Visitor: 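Can you keep this structure in mind? I'll have questions shortly.
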Protein chains: 2
Amino acid sequence: MNIGRASAESGISAKMIRYYESIGLIPAASRSEGGYREYSDNDVHTLRFIRRARDLGFTVEQMVELLALWRDRKRASADVKRIALKHVEELERKARELREMSGTLKHLAEHCKGNDRPDCPIIAELAEEAGQPARPSSGRRRFGPMAAGLTTGRSTSGRPARS
Amino acid sequence: MNIGRASAESGISAKMIRYYESIGLIPAASRSEGGYREYSDNDVHTLRFIRRARDLGFTVEQMVELLALWRDRKRASADVKRIALKHVEELERKARELREMSGTLKHLAEHCKGNDRPDCPIIAELAEEAGQPARPSSGRRRFGPMAAGLTTGRSTSGRPARS
DNA sequence: CCTTGACCTTCCCATTATTGGAAGCCCCAC
DNA sequence: GTGGGGCTTCCAATAATGGGAAGGTCAAGG
């Protein structure tokens with residue numbers, strides 16, 4: 001089958017299938033006379049594996065590992081468990097941070113009258129000259145570029161959500 | 001003061017200060033004879049405001065709004081509250097999704113013996129041919145490109161973690 | 001047989017926030 | 001007066017994905 005079909009059957013866009021091939025997550029597909037990529041049911045099987053892993057928030061890098069373990073009949077389940085647990089830890093840490101942030105904000109918002117007067121503790125807090133003189137350009141970064149890798153808005157966030 | 005000093009005092013890297021200027025989050029700084037950017041204490045004040053907002057997970061886009069509100073003495077606190085609460089909702093949703101993911105994974109990992117035998121329900125789950133034939137190339141996407149915007153690994157994930 | 005349209009190909013660009021590097025000025029302390 | 005470090009700009013990369021252009025292929029219909 002061609003890439004469109006494989007895409008429909010696996011739930012991964014054709015674009016991403018080509019991308020995954022380009023970065024080596026999946027081997028290069030064989031081509032038809034006309035240069036079209038050809039996929040077998042087995043390939044689709046692999047693609048679905050990838051889709052599920054992706055839906056669980058695994059990064060491509062982790063998927064490389066998982067795929068190798070999947071294909072290796074002699075793999076030790078301990079390896080899989082290790083990867084999974086490491087991922088669980090990451091997810092939990094990120095969830096915790098998110099909850100802390102939302103808690104702080106919520107608290108601030110609760111003390112914000114929400115009327116048309118300019119008093120607002122949220123702004124006040126942000127403007128406050130408090131604490132240490134700030135660690136020098138700590139360069140603290142956020143998540144990884146794509147952060148947690150959640151299957152977000154599904155139907156909700158189809159739009160680019162910005163300009 | 002020059003950008004290095006402003007960076008140290010605000011906790012935002014010089015690189016990011018220039019970046020914020022380039023995208024219009026902050027106005028272009030005046031320049032010294034030698035072409036160096038010059039910052040006042042007030043500018044540093046603004047930069048710290050930005051740093052705090054960033055630490056609370058606000059995106060640049062949201063910071064633009066917050067800064068405008070901050071600078072506008074006649075602002076309505078209702079606007080600030082609205083933005084904050086919307087952000088809280090987002091954060092909570094993301095945290096919830098993360099917890100769901102980690103829960104699923106944890107459950108799977110608990111049933112994985114973790115020995116040197118190849119049996120592993122994690123792999124089995126991923127490989128399973130179950131369910132619907134997968135919604136056609138749904139193109140479901142994850143978070144925004146930078147997802148939640150947490151102050152992540154601090155010391156943990158400093159490394160590029162790849163290649 | 002040839003056209004049409006759906007599908008495929010590659011390549012490039014954009015997104016987000018941030019860091020890294022290179023090449024080349026500038027400035028202050030010694 | 002000079003050396004090293006700070007400053008400047010521009011370019012690239014990151015992760016994952018979408019969007020589009022320009023052009024080739026395939027299958028069905030006229």
Side-chain angles (χ1 to χ4, degrees), chain A residues 1-8 12-23 25 28-29 31-39 50-51 53-55 57-64 136-153 157-163, chain B residues 1-8 11-23 25 28-29 31-39 50-51 53-55 57-64 137-153 157-163:
Chain A
M1 70 183 81
N2 58 24
I3 202 170
R5 186 82 191 289
S7 164
I12 296 181
S13 72
K15 279 257 179 191
M16 288 315 294
I17 294 175
R18 293 192 199 99
Y19 171 69
Y20 289 148
E21 178 183 314
S22 81
I23 61 172
L25 177 61
R31 303 299 185 103
S32 70
E33 282 179 56
Y36 284 18
R37 283 175 181 77
E38 288 186 319
Y39 296 91
I50 289 171
R51 184 173 58 77
R54 193 181 65 173
D55 287 352
F58 285 97
T59 67
V60 167
E61 226 186 324
Q62 290 171 318
M63 290 196 284
V64 170
S137 69
S138 61
R140 117 205 13 63
R141 42 180 13 265
R142 283 125 159 67
F143 272 175
M146 70 70 65
L150 290 181
T151 66
T152 233
S157 73
R159 299 150 308 116
R162 60 179 316 289
S163 78
Chain B
M1 71 182 81
N2 58 25
I3 201 171
R5 186 84 190 288
S7 164
I12 296 180
S13 71
K15 280 257 179 188
M16 287 315 293
I17 294 175
R18 293 193 199 98
Y19 171 69
Y20 288 149
E21 178 183 314
S22 81
I23 61 172
L25 177 61
R31 301 300 183 103
S32 70
E33 284 178 53
Y36 284 19
R37 284 175 180 77
E38 287 185 323
Y39 297 92
I50 289 170
R51 184 173 58 77
R54 196 180 62 172
D55 287 352
F58 286 97
T59 66
V60 167
E61 226 184 326
Q62 291 170 316
M63 290 195 283
V64 170
S137 69
S138 62
R140 120 212 359 72
R141 40 177 20 262
R142 283 124 159 68
F143 274 161
M146 70 71 63
L150 289 182
T151 65
T152 226
S157 71
R159 299 151 310 115
R162 61 174 318 286
S163 95

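Keep in mind it's a predicted model, so treat the numbers as computed, not measured. Letters A, B, ... are given to chains in the order of the sequence lines, protein chains preceding strands, and every chain is numbered from 1.
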Visitor: Atom CE of M63(B) and atom C1' of dA17(C): how far apart are they, to the nearest Å?
Guide: 9 Å
Visitor: In whole Å, what is the span from the CZ atom of R51(A) to the P atom of dT17(D)?
Guide: 12 Å
Visitor: Can you see which heavy atom on E21(B) is nearest to which on A29(B), and at what distance?
Guide: OE1-N, 3.4 Å
Visitor: Side chain to side chain contact (heavy atoms under 4.5 Å, CB included), that's the test. Do I50(A) and F58(A) meet it? Break it down for me.
Guide: CA-CA 9 Å; I50(A) 289 171; F58(A) 285 97; over 6 Å; no
Visitor: For dC8(C), does either OP1 or OP2 sit under 4.0 Å from a side-chain N or O belonging to N2(A)?
Guide: yes
Visitor: Going by the rule side-chain hydrogen bond (donor to acceptor under 3.5 Å, both in side chains), which residues pair with R18(B) if we only count those two or more places apart in sequence or in a different chain?
Guide: none
Visitor: Please check the phosphate of dT8(D) (OP1 and OP2 only) for any side-chain N or O of R18(B) closer than 4.0 Å.
Guide: yes
Visitor: S13(A) and S7(A): which non-hydrogen atoms are nearest, and at how many Å?
Guide: CA-OG, 3.6 Å
Visitor: Answer with base, sugar-phosphate or nothing: what part of the nucleic acid does R37(B) contact at a heavy-atom distance below 4.0 Å?
Guide: sugar-phosphate
Visitor: How many Å lie between CZ on R31(A) and P on dT10(C), as a whole number?
Guide: 4 Å
Visitor: Just how far, in rounded Å, is P of dC8(C) from CD1 of I3(A)?
Guide: 7 Å
Visitor: Go through it in stages, so that I can follow the logic: the residues are Y36(B) and M1(B), the test is side chain to side chain contact (heavy atoms under 4.5 Å, CB included), and I'd like the CA-CA distance, side-chain angles, deciding distance and then a yes or no.
Guide: CA-CA 9 Å; Y36(B) 284 19; M1(B) 71 182 81; over 6 Å; no
Visitor: Can you see if the side chain of S13(B) gets near the phosphate of dT19(C) - specifically, an N or O under 4.0 Å from OP1 or OP2?
Guide: yes
Visitor: Ignoring backbone atoms, establish whether Y20(B) has a side-chain N or O less than 4.0 Å from OP1 or OP2 of dT18(C).
Guide: yes
Visitor: Would R37(A) and N2(A) satisfy side chain to side chain contact (heavy atoms under 4.5 Å, CB included), going step by step from the backbone distance to the final call?
Guide: CA-CA 6 Å; R37(A) 283 175 181 77; N2(A) 58 24; over 6 Å; no
Visitor: I need the CG-P distance between L25(A) and dA16(D), as an integer number of Å.
Guide: 10 Å
Visitor: Run the side chain to side chain contact (heavy atoms under 4.5 Å, CB included) test against E38(B) and tell me which residues pass, sequence neighbours left out.
Guide: S30(B), S32(B)
Visitor: Would you mind reading off the distance between Y19(B) atom OH and dC10(D) atom C1', rounded to a whole angstrom?
Guide: 16 Å
Visitor: So which protein nitrogen or oxygen atoms get under 3.5 Å of nucleotides 20-27 of chain D's nitrogens or oxygens?
Guide:
{"from": "dG20(D)", "atom 1": "O6", "to": "K15(A)", "atom 2": "NZ", "distance (Å)": "2.5"}
{"from": "dG24(D)", "atom 1": "N2", "to": "Y36(A)", "atom 2": "OH", "distance (Å)": "2.8"}
{"from": "dT25(D)", "atom 1": "O4'", "to": "Y36(A)", "atom 2": "OH", "distance (Å)": "3.3"}
{"from": "dT25(D)", "atom 1": "O2", "to": "Y36(A)", "atom 2": "OH", "distance (Å)": "3.3"}
{"from": "dC26(D)", "atom 1": "OP1", "to": "G34(A)", "atom 2": "N", "distance (Å)": "3.3"}

Visitor: Roughly how many Å is it from CE in M1(A) to P in dC7(C), rounded to a whole number?
Guide: 16 Å
Visitor: Could you state the atom-to-atom distance from CE of M16(B) to C1' of dG20(C) in whole Å?
Guide: 13 Å
